[in-house]
Amino acid sequence: MREDYQPNELVGRDEEIQKYQAALQPVINGEQPNNIFLYGKTGVGKTAVTRYLLSHLAEDASQYEDLELHLTFLNCDGLTSSYQIATRLVNEFRDETAQISSTGYPRATVYEMLWKELDAIGGTNLIVLDEVDHVEDDSILYQLPRARANNKVSGAKIGIIGISNDFSFRDDLSPKVKSSLCEQEIHFPAYDAGDLQKILEQRRDVAFRDGVLNDAVIRLCAAYGAKDAGDARQSIDLLMKAGDLAREEEAKTITENHVETGRHDLERGRIEEGIRGLTQHGHLVLYSLLTLHLQDGTPVRSRDIRPRYTSFAQRAGRDPLVPRRMRDHLSELVMLGLVSVTERNEGRRGGTYREYSLAMNVELVLSALDEVVDEVGIHESIHSLVTDDIFRDS
DNA sequence: CGTCCACAGGAATATAAGGTTC
DNA sequence: GAACCTTATATTCCTGTGGACG
(Lines give C-alpha, C1' and ligand atoms only; values in the text may rest on other atoms or scores of the structure.)
Protein backbone atom coordinates (compact mmCIF):
# COMPACT_ATOMS: atom_id res chain seq x y z
CA MET A 1 0.00 0.00 0.00
CA ARG A 2 2.86 2.33 0.66
CA GLU A 3 4.19 4.80 -1.82
CA ASP A 4 7.20 2.64 -2.62
CA TYR A 5 5.29 -0.55 -3.25
CA GLN A 6 5.92 -1.67 -6.76
CA PRO A 7 3.34 -3.91 -8.37
CA ASN A 8 4.77 -6.24 -10.97
CA GLU A 9 2.01 -5.37 -13.33
CA LEU A 10 0.87 -1.86 -14.09
CA VAL A 11 -2.77 -1.40 -14.98
CA GLY A 12 -3.77 0.35 -18.16
CA ARG A 13 -0.42 1.87 -19.05
CA ASP A 14 0.61 -0.46 -21.85
CA GLU A 15 0.85 2.18 -24.51
CA GLU A 16 2.86 4.54 -22.37
CA ILE A 17 5.21 1.79 -21.29
CA GLN A 18 5.86 0.87 -24.87
CA LYS A 19 6.70 4.43 -25.87
CA TYR A 20 8.81 4.83 -22.80
CA GLN A 21 10.77 1.68 -23.51
CA ALA A 22 11.45 2.81 -27.02
CA ALA A 23 12.71 6.12 -25.70
CA LEU A 24 15.08 4.31 -23.35
CA GLN A 25 16.46 2.02 -26.03
CA PRO A 26 19.62 4.08 -26.67
CA VAL A 27 20.72 3.41 -23.11
CA ILE A 28 20.94 -0.29 -23.81
CA ASN A 29 22.81 0.39 -27.01
CA GLY A 30 25.33 2.41 -25.05
CA GLU A 31 24.48 5.54 -26.97
CA GLN A 32 23.78 9.02 -25.73
CA PRO A 33 20.44 8.63 -23.91
CA ASN A 34 17.35 10.58 -24.87
CA ASN A 35 15.99 13.21 -22.60
CA ILE A 36 12.44 12.28 -21.75
CA PHE A 37 9.62 14.43 -20.53
CA LEU A 38 6.60 12.87 -18.86
CA TYR A 39 3.49 14.76 -18.09
CA GLY A 40 0.06 14.03 -16.69
CA LYS A 41 -1.98 14.79 -13.61
CA THR A 42 -0.97 13.60 -10.13
CA GLY A 43 -1.35 9.93 -9.38
CA VAL A 44 -1.64 8.63 -12.93
CA GLY A 45 1.38 6.38 -12.73
CA LYS A 46 4.21 8.54 -14.06
CA THR A 47 6.49 7.84 -11.16
CA ALA A 48 5.38 4.23 -10.79
CA VAL A 49 6.04 3.48 -14.46
CA THR A 50 9.41 5.20 -14.26
CA ARG A 51 10.53 3.18 -11.27
CA TYR A 52 9.27 0.02 -12.86
CA LEU A 53 10.99 0.54 -16.18
CA LEU A 54 14.25 1.83 -14.78
CA SER A 55 14.67 -1.03 -12.37
CA HIS A 56 14.19 -3.42 -15.25
CA LEU A 57 16.58 -1.38 -17.32
CA ALA A 58 19.18 -1.56 -14.58
CA GLU A 59 18.74 -5.32 -14.49
CA ASP A 60 19.21 -5.62 -18.22
CA ALA A 61 22.21 -3.33 -18.15
CA SER A 62 23.94 -5.40 -15.52
CA GLN A 63 24.08 -8.27 -18.00
CA TYR A 64 26.34 -6.34 -20.29
CA GLU A 65 29.92 -6.03 -19.14
CA ASP A 66 30.62 -2.77 -20.88
CA LEU A 67 27.43 -0.99 -19.90
CA GLU A 68 27.70 1.07 -16.79
CA LEU A 69 24.36 2.58 -15.79
CA HIS A 70 23.71 4.92 -12.88
CA LEU A 71 20.25 6.00 -11.85
CA THR A 72 19.50 9.05 -9.76
CA PHE A 73 16.03 9.90 -8.49
CA LEU A 74 15.36 13.36 -7.23
CA ASN A 75 11.99 14.65 -6.19
CA CYS A 76 11.96 18.38 -6.71
CA ASP A 77 9.09 19.00 -4.33
CA GLY A 78 10.17 21.80 -2.03
CA LEU A 79 13.06 22.80 -4.27
CA THR A 80 12.44 26.08 -6.00
CA SER A 81 15.59 26.82 -7.93
CA SER A 82 18.13 25.19 -10.20
CA TYR A 83 20.69 26.01 -7.57
CA GLN A 84 18.93 23.80 -5.06
CA ILE A 85 18.60 20.99 -7.57
CA ALA A 86 22.30 21.21 -8.28
CA THR A 87 23.31 21.10 -4.63
CA ARG A 88 21.01 18.16 -4.00
CA LEU A 89 22.46 16.29 -6.94
CA VAL A 90 25.99 16.92 -5.75
CA ASN A 91 25.00 15.56 -2.35
CA GLU A 92 23.42 12.52 -3.98
CA PHE A 93 26.70 11.72 -5.66
CA ARG A 94 28.95 12.45 -2.72
CA ASP A 95 29.19 10.37 0.38
CA GLU A 96 28.10 11.38 3.86
CA THR A 97 31.40 12.96 4.80
CA ALA A 98 31.58 15.43 1.93
CA GLN A 99 28.08 16.89 1.79
CA ILE A 100 27.68 20.53 0.90
CA SER A 101 25.20 23.04 2.28
CA SER A 102 22.32 24.33 0.24
CA THR A 103 23.43 27.97 0.14
CA GLY A 104 26.59 29.99 0.22
CA TYR A 105 28.50 28.92 -2.87
CA PRO A 106 28.50 30.88 -6.08
CA ARG A 107 26.26 29.20 -8.61
CA ALA A 108 29.12 28.39 -10.94
CA THR A 109 30.99 26.63 -8.15
CA VAL A 110 28.08 24.29 -7.55
CA TYR A 111 27.91 23.41 -11.23
CA GLU A 112 31.65 22.78 -11.24
CA MET A 113 31.23 20.35 -8.37
CA LEU A 114 28.41 18.63 -10.19
CA TRP A 115 30.42 18.16 -13.39
CA LYS A 116 33.30 16.82 -11.39
CA GLU A 117 31.13 14.26 -9.65
CA LEU A 118 29.53 13.16 -12.88
CA ASP A 119 32.89 12.78 -14.53
CA ALA A 120 34.16 10.74 -11.63
CA ILE A 121 31.21 8.39 -11.84
CA GLY A 122 31.32 8.01 -15.59
CA GLY A 123 29.13 5.63 -17.56
CA THR A 124 25.57 6.44 -18.47
CA ASN A 125 23.73 8.60 -15.96
CA LEU A 126 19.98 8.81 -15.99
CA ILE A 127 18.75 11.56 -13.74
CA VAL A 128 15.06 11.51 -12.89
CA LEU A 129 13.69 14.86 -11.82
CA ASP A 130 10.27 14.18 -10.39
CA GLU A 131 7.89 17.12 -10.12
CA VAL A 132 10.24 19.40 -12.06
CA ASP A 133 7.48 21.95 -12.37
CA HIS A 134 8.32 23.07 -8.83
CA VAL A 135 11.57 24.66 -9.94
CA GLU A 136 11.15 28.20 -11.08
CA ASP A 137 14.12 28.70 -13.36
CA ASP A 138 15.31 26.29 -16.00
CA SER A 139 19.06 26.88 -15.89
CA ILE A 140 19.80 23.35 -14.66
CA LEU A 141 17.56 21.91 -17.34
CA TYR A 142 19.64 23.72 -19.87
CA GLN A 143 23.02 22.92 -18.33
CA LEU A 144 22.64 19.23 -17.58
CA PRO A 145 21.74 17.94 -21.03
CA ARG A 146 24.45 20.06 -22.60
CA ALA A 147 27.21 19.40 -20.12
CA ARG A 148 28.81 16.97 -22.50
CA ALA A 149 28.46 19.10 -25.59
CA ASN A 150 29.90 22.06 -23.74
CA ASN A 151 32.89 20.03 -22.62
CA LYS A 152 32.04 20.34 -18.97
CA VAL A 153 31.88 16.60 -18.68
CA SER A 154 33.73 14.09 -20.80
CA GLY A 155 33.45 10.77 -19.02
CA ALA A 156 29.73 10.54 -18.48
CA LYS A 157 26.68 10.35 -20.70
CA ILE A 158 23.78 12.18 -19.17
CA GLY A 159 20.08 11.70 -19.74
CA ILE A 160 17.35 13.66 -18.00
CA ILE A 161 13.93 12.30 -17.30
CA GLY A 162 11.62 15.13 -16.26
CA ILE A 163 8.27 14.40 -14.69
CA SER A 164 5.65 17.09 -14.38
CA ASN A 165 2.06 17.35 -13.19
CA ASP A 166 1.61 20.60 -14.90
CA PHE A 167 1.51 20.66 -18.65
CA SER A 168 1.78 24.44 -18.84
CA PHE A 169 5.24 24.03 -17.35
CA ARG A 170 6.39 22.64 -20.66
CA ASP A 171 5.03 25.64 -22.54
CA ASP A 172 6.76 28.05 -20.21
CA LEU A 173 10.19 26.57 -20.79
CA SER A 174 12.54 28.60 -22.90
CA PRO A 175 12.71 27.24 -26.45
CA LYS A 176 16.25 25.99 -26.14
CA VAL A 177 15.41 23.99 -23.04
CA LYS A 178 12.19 22.72 -24.52
CA SER A 179 13.91 21.31 -27.54
CA SER A 180 16.45 19.39 -25.53
CA LEU A 181 14.42 18.29 -22.52
CA CYS A 182 11.39 17.37 -24.53
CA GLU A 183 13.06 15.20 -27.16
CA GLN A 184 10.72 12.43 -26.19
CA GLU A 185 7.41 13.29 -24.64
CA ILE A 186 5.01 10.88 -23.10
CA HIS A 187 1.59 11.88 -21.95
CA PHE A 188 -0.12 9.98 -19.15
CA PRO A 189 -3.90 10.33 -19.29
CA ALA A 190 -6.01 10.15 -16.14
CA TYR A 191 -7.33 6.81 -14.96
CA ASP A 192 -11.03 6.20 -15.26
CA ALA A 193 -13.03 4.54 -12.49
CA GLY A 194 -12.54 1.13 -14.09
CA ASP A 195 -8.75 1.41 -14.12
CA LEU A 196 -8.75 2.61 -10.55
CA GLN A 197 -10.87 -0.31 -9.54
CA LYS A 198 -8.43 -2.76 -11.10
CA ILE A 199 -5.54 -1.07 -9.35
CA LEU A 200 -7.28 -1.28 -6.01
CA GLU A 201 -8.18 -4.92 -6.58
CA GLN A 202 -4.54 -5.60 -7.26
CA ARG A 203 -3.59 -4.07 -3.93
CA ARG A 204 -6.34 -5.92 -2.15
CA ASP A 205 -4.81 -9.21 -3.16
CA VAL A 206 -1.48 -8.38 -1.56
CA ALA A 207 -2.49 -6.22 1.38
CA PHE A 208 -5.74 -7.57 2.75
CA ARG A 209 -6.89 -10.92 4.00
CA ASP A 210 -9.64 -12.57 2.00
CA GLY A 211 -13.15 -11.36 2.67
CA VAL A 212 -12.13 -8.23 4.53
CA LEU A 213 -12.60 -5.99 1.62
CA ASN A 214 -15.65 -6.23 -0.62
CA ASP A 215 -16.26 -4.90 -4.09
CA ALA A 216 -18.62 -2.14 -3.04
CA VAL A 217 -15.93 -0.55 -0.91
CA ILE A 218 -13.42 -0.76 -3.72
CA ARG A 219 -15.89 0.79 -6.10
CA LEU A 220 -16.46 3.62 -3.68
CA CYS A 221 -12.75 4.37 -3.31
CA ALA A 222 -12.30 4.18 -7.05
CA ALA A 223 -15.22 6.52 -7.58
CA TYR A 224 -13.73 9.13 -5.28
CA GLY A 225 -10.38 8.86 -7.01
CA ALA A 226 -12.00 9.22 -10.43
CA LYS A 227 -13.94 12.23 -9.27
CA ASP A 228 -10.75 13.96 -8.23
CA ALA A 229 -8.96 13.78 -11.57
CA GLY A 230 -8.26 10.06 -11.84
CA ASP A 231 -5.73 10.00 -9.07
CA ALA A 232 -4.69 6.48 -8.12
CA ARG A 233 -2.53 7.61 -5.24
CA GLN A 234 -5.55 9.20 -3.65
CA SER A 235 -7.72 6.13 -4.06
CA ILE A 236 -5.05 3.95 -2.53
CA ASP A 237 -4.53 6.31 0.38
CA LEU A 238 -8.24 6.32 0.98
CA LEU A 239 -8.44 2.56 0.94
CA MET A 240 -5.48 2.32 3.27
CA LYS A 241 -7.01 4.83 5.64
CA ALA A 242 -10.30 2.95 5.66
CA GLY A 243 -8.36 -0.21 6.44
CA ASP A 244 -6.57 1.47 9.35
CA LEU A 245 -9.87 2.68 10.76
CA ALA A 246 -11.39 -0.77 10.50
CA ARG A 247 -8.41 -2.32 12.24
CA GLU A 248 -8.51 0.24 15.04
CA GLU A 249 -12.06 -0.63 15.88
CA GLU A 250 -11.35 -4.31 15.29
CA ALA A 251 -14.05 -4.63 12.69
CA LYS A 252 -14.17 -7.81 10.66
CA THR A 253 -14.71 -6.07 7.36
CA ILE A 254 -14.16 -2.67 5.88
CA THR A 255 -17.41 -0.83 5.28
CA GLU A 256 -18.49 2.15 3.24
CA ASN A 257 -18.67 3.94 6.54
CA HIS A 258 -14.97 3.51 7.09
CA VAL A 259 -14.35 4.99 3.68
CA GLU A 260 -16.44 8.04 4.44
CA THR A 261 -14.74 8.59 7.76
CA GLY A 262 -11.40 8.00 6.11
CA ARG A 263 -12.14 10.61 3.52
CA HIS A 264 -13.01 13.08 6.20
CA ASP A 265 -9.79 12.31 8.08
CA LEU A 266 -7.63 12.64 5.01
CA GLU A 267 -9.27 15.91 4.10
CA ARG A 268 -8.66 17.17 7.59
CA GLY A 269 -5.05 16.10 7.35
CA ARG A 270 -4.61 18.01 4.11
CA ILE A 271 -6.08 21.14 5.62
CA GLU A 272 -3.89 20.87 8.65
CA GLU A 273 -0.87 20.33 6.48
CA GLY A 274 -1.68 23.35 4.39
CA ILE A 275 -2.30 25.61 7.36
CA ARG A 276 0.88 24.47 9.02
CA GLY A 277 2.85 25.69 6.04
CA LEU A 278 1.47 29.20 6.17
CA THR A 279 3.24 32.20 7.65
CA GLN A 280 1.77 34.02 10.61
CA HIS A 281 0.35 36.65 8.34
CA GLY A 282 -1.27 33.87 6.36
CA HIS A 283 -2.93 32.71 9.57
CA LEU A 284 -4.03 36.23 10.43
CA VAL A 285 -5.63 36.63 7.02
CA LEU A 286 -7.37 33.30 7.51
CA TYR A 287 -8.66 34.33 10.92
CA SER A 288 -9.96 37.54 9.39
CA LEU A 289 -11.88 35.69 6.75
CA LEU A 290 -13.09 33.17 9.29
CA THR A 291 -14.60 35.78 11.58
CA LEU A 292 -16.18 37.60 8.68
CA HIS A 293 -17.67 34.30 7.60
CA LEU A 294 -19.11 33.77 11.08
CA GLN A 295 -20.77 37.15 10.90
CA ASP A 296 -22.25 36.33 7.51
CA GLY A 297 -19.89 38.89 6.06
CA THR A 298 -18.77 36.63 3.20
CA PRO A 299 -18.28 36.69 0.31
CA VAL A 300 -16.02 39.62 0.87
CA ARG A 301 -13.63 41.62 -1.29
CA SER A 302 -10.07 42.12 -0.18
CA ARG A 303 -10.40 45.75 0.82
CA ASP A 304 -13.16 44.79 3.25
CA ILE A 305 -10.99 42.09 4.75
CA ARG A 306 -8.25 44.59 5.34
CA PRO A 307 -9.56 46.44 8.43
CA ARG A 308 -10.23 43.17 10.20
CA TYR A 309 -6.82 41.88 9.25
CA THR A 310 -5.11 45.07 10.32
CA SER A 311 -6.62 44.96 13.78
CA PHE A 312 -5.72 41.29 14.16
CA ALA A 313 -2.17 42.00 13.13
CA GLN A 314 -1.86 44.78 15.67
CA ARG A 315 -3.35 42.61 18.35
CA ALA A 316 -0.74 40.00 17.54
CA GLY A 317 1.98 42.64 17.75
CA ARG A 318 2.80 42.47 14.06
CA ASP A 319 2.97 45.28 11.53
CA PRO A 320 0.16 44.70 9.08
CA LEU A 321 1.28 43.92 5.56
CA VAL A 322 0.65 46.15 2.64
CA PRO A 323 -2.57 45.36 0.64
CA ARG A 324 -0.70 43.91 -2.29
CA ARG A 325 0.94 41.37 -0.03
CA MET A 326 -2.28 40.60 1.78
CA ARG A 327 -3.79 39.66 -1.57
CA ASP A 328 -0.89 37.27 -2.12
CA HIS A 329 -1.80 35.53 1.10
CA LEU A 330 -5.41 35.35 0.05
CA SER A 331 -4.41 33.72 -3.21
CA GLU A 332 -2.38 31.23 -1.28
CA LEU A 333 -5.41 30.30 0.78
CA VAL A 334 -7.32 29.84 -2.44
CA MET A 335 -4.62 27.54 -3.79
CA LEU A 336 -4.83 25.41 -0.68
CA GLY A 337 -8.53 25.06 -1.30
CA LEU A 338 -9.39 26.63 2.03
CA VAL A 339 -10.94 29.63 0.42
CA SER A 340 -12.96 29.99 -2.73
CA VAL A 341 -13.09 33.00 -4.94
CA THR A 342 -15.35 34.51 -7.56
CA GLU A 343 -14.31 37.21 -9.92
CA ARG A 344 -16.72 40.10 -10.11
CA ASN A 345 -16.92 43.10 -12.32
CA GLU A 346 -19.10 46.11 -11.88
CA GLY A 347 -17.65 48.11 -14.66
CA ARG A 348 -17.34 51.79 -14.28
CA ARG A 349 -19.14 51.69 -10.95
CA GLY A 350 -17.07 49.12 -9.15
CA GLY A 351 -14.30 47.87 -11.41
CA THR A 352 -13.00 44.31 -11.25
CA TYR A 353 -12.45 42.65 -7.92
CA ARG A 354 -12.59 39.21 -6.36
CA GLU A 355 -14.88 38.02 -3.67
CA TYR A 356 -13.53 35.54 -1.16
CA SER A 357 -15.40 33.13 1.02
CA LEU A 358 -14.51 30.20 3.21
CA ALA A 359 -14.59 26.96 1.24
CA MET A 360 -14.35 24.67 4.23
CA ASN A 361 -16.35 23.82 7.24
CA VAL A 362 -15.57 26.40 9.96
CA GLU A 363 -15.06 23.89 12.76
CA LEU A 364 -12.65 21.94 10.60
CA VAL A 365 -10.51 24.96 9.82
CA LEU A 366 -10.66 26.20 13.37
CA SER A 367 -9.60 22.88 14.85
CA ALA A 368 -6.76 22.68 12.35
CA LEU A 369 -5.68 26.17 13.37
CA ASP A 370 -5.96 25.01 16.95
CA GLU A 371 -3.28 22.40 16.32
CA VAL A 372 -0.98 24.96 14.80
CA VAL A 373 -1.43 27.72 17.37
CA ASP A 374 0.69 25.88 19.92
CA GLU A 375 3.53 25.39 17.48
CA VAL A 376 3.60 28.90 16.16
CA GLY A 377 2.60 30.68 19.35
CA ILE A 378 1.97 34.41 18.98
CA HIS A 379 -1.72 34.51 18.23
CA GLU A 380 -3.44 32.64 21.05
CA SER A 381 -5.36 35.77 21.94
CA ILE A 382 -6.82 35.95 18.47
CA HIS A 383 -7.60 32.28 18.47
CA SER A 384 -9.56 32.52 21.70
CA LEU A 385 -11.21 35.67 20.44
CA VAL A 386 -12.46 33.77 17.44
CA THR A 387 -13.49 30.79 19.50
CA ASP A 388 -15.45 33.06 21.81
CA ASP A 389 -17.09 34.49 18.75
CA ILE A 390 -18.52 31.09 17.95
CA PHE A 391 -19.94 30.76 21.43
CA ARG A 392 -21.57 34.13 21.13
CA ASP A 393 -23.09 33.07 17.86
CA SER A 394 -24.55 29.82 19.01
C1' DC B 1 -18.58 53.17 -28.68
C1' DG B 2 -15.29 55.09 -25.91
C1' DT B 3 -14.46 55.93 -21.00
C1' DC B 4 -13.05 54.70 -16.69
C1' DC B 5 -13.44 52.16 -12.16
C1' DA B 6 -10.97 49.36 -8.78
C1' DC B 7 -8.76 45.91 -8.30
C1' DA B 8 -5.52 41.75 -10.30
C1' DG B 9 -1.24 40.50 -10.59
C1' DG B 10 3.72 41.12 -12.96
C1' DA B 11 8.30 42.96 -12.09
C1' DA B 12 11.97 45.16 -9.84
C1' DT B 13 13.92 45.93 -5.51
C1' DA B 14 14.80 45.67 -0.47
C1' DT B 15 15.74 43.25 3.79
C1' DA B 16 17.09 39.73 6.91
C1' DA B 17 18.62 35.29 7.80
C1' DG B 18 20.94 31.43 6.37
C1' DG B 19 25.47 29.98 4.37
C1' DT B 20 30.71 30.04 2.15
C1' DT B 21 35.64 31.47 1.67
C1' DC B 22 39.81 33.79 2.71
C1' DG C 1 35.30 39.64 10.21
C1' DA C 2 34.79 41.31 5.42
C1' DA C 3 33.14 40.06 1.02
C1' DC C 4 30.11 37.47 -1.33
C1' DC C 5 26.44 33.73 -2.06
C1' DT C 6 21.10 32.13 -2.11
C1' DT C 7 16.41 32.35 -0.32
C1' DA C 8 12.04 33.77 1.72
C1' DT C 9 9.30 37.42 2.69
C1' DA C 10 7.74 41.99 1.98
C1' DT C 11 7.41 46.58 -0.46
C1' DT C 12 6.98 49.66 -4.28
C1' DC C 13 5.60 50.72 -8.67
C1' DC C 14 3.33 49.50 -12.31
C1' DT C 15 0.41 47.85 -16.47
C1' DG C 16 -3.72 45.18 -17.70
C1' DT C 17 -8.61 44.48 -17.93
C1' DG C 18 -14.03 43.39 -18.23
C1' DG C 19 -18.00 45.51 -18.54
C1' DA C 20 -21.42 49.30 -16.74
C1' DC C 21 -22.13 53.93 -17.73
C1' DG C 22 -22.89 57.89 -20.37
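The sequence lines fix the lettering, A, B, ..., with proteins before strands; numbering per chain opens at 1.
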Establish, for the pair [X] and [Y], whether the NZ or CZ atom is under 6.0 angstrom from the six-membered ring centre and no further than 45 degrees off its axis.
| X | Y | value |
| --- | --- | --- |
| A:K176 | A:Y142 | yes |
| A:R263 | A:Y224 | yes |
| A:R107 | A:Y83 | no |
| A:R318 | A:F312 | no |

query: Among residues 95-113 of chain A, which contact DNA chain B at a heavy-atom distance under 4.0 Å?
result: A:S101, A:T103, A:G104, A:Y105
Interface with DNA chain B, restricted to residues 320-330 of chain A and to heavy atoms under 4.0 Å: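 Close to the strand are A:R324, A:R327.
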field: Pair A:D137-A:S82, side-chain donor/acceptor within less than 3.5 Å
entry: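 Per modelled atom types, A:D137 and A:S82 side chains form a pair under 3.5 Å.
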Distance, rounded to the nearest Å, where [X] contributes [atom1] and [N] contributes [atom2]:
| X | N | atom1 | atom2 | result |
| --- | --- | --- | --- | --- |
| A:H134 | C:dA8 | NE2 | C1' | 17 Å |
| A:E346 | C:dC21 | CD | C1' | 13 Å |
| A:E343 | C:dT17 | CD | C1' | 10 Å |
| A:Q280 | C:dA10 | CD | C1' | 14 Å |
| A:E332 | C:dT9 | CD | C1' | 11 Å |
| A:Y353 | C:dG16 | OH | C1' | 19 Å |
| A:R354 | C:dG18 | CZ | P | 14 Å |

- request: Could you check whether the rings of A:F188 and A:Y20 sit parallel, tilted or perpendicular, using 30° and 60° as the cut-offs?
  value: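 Ring orientation, 0 to 90° scale: perpendicular.
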- line: Note: chain A reaches DNA chain B at heavy-atom distances under 4.0 Å over the stretch, first to last nt, 5' to 3', of B:dG2 to B:dT21
task: Check whether any side-chain nitrogen or oxygen of A:S81 sits under 4.0 Å from OP1 or OP2 of C:dT6, and answer yes or no.
output: no
Residue met sooner reading DNA chain C from 5', once A:G351 and A:R348 are mapped to nucleotides: A:G351
message: On DNA chain B, compare the nucleotides closest to A:Y356 and A:G347; which residue's is nearer the 5' end?
response: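 Result: A:G347.
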field: CZ/A:F167: more than 12 non-hydrogen atoms of other groups inside 6.0 Å
entry: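 Yes.
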query: So does A:H264 have more than 12 non-hydrogen atoms from other groups sitting under 6.0 Å from NE2?
result: no
- request: Please name the pair of heavy atoms, one in A:L289 and one in A:S357, separated by the smallest distance, quoted to 0.1 Å.
  value: CD2-C, 4.2 Å
task: Report yes or no: does A:N34 contribute a side-chain atom to a donor-acceptor pair with the main-chain N or O of A:A23 at less than 3.5 Å?
output: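 Pair found, side chain donor or acceptor close to backbone of A:A23.
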field: Test item: A:D138 side-chain N/O and A:L141 main-chain N/O as donor-acceptor pair under 3.5 Å
entry: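 Checked: no pair found.
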message: Whether the side chain of A:N345 and the base of C:dG18 hold a donor-acceptor pair under 3.5 Å is what I'd like checked.
response: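 A donor-acceptor contact between them is present.
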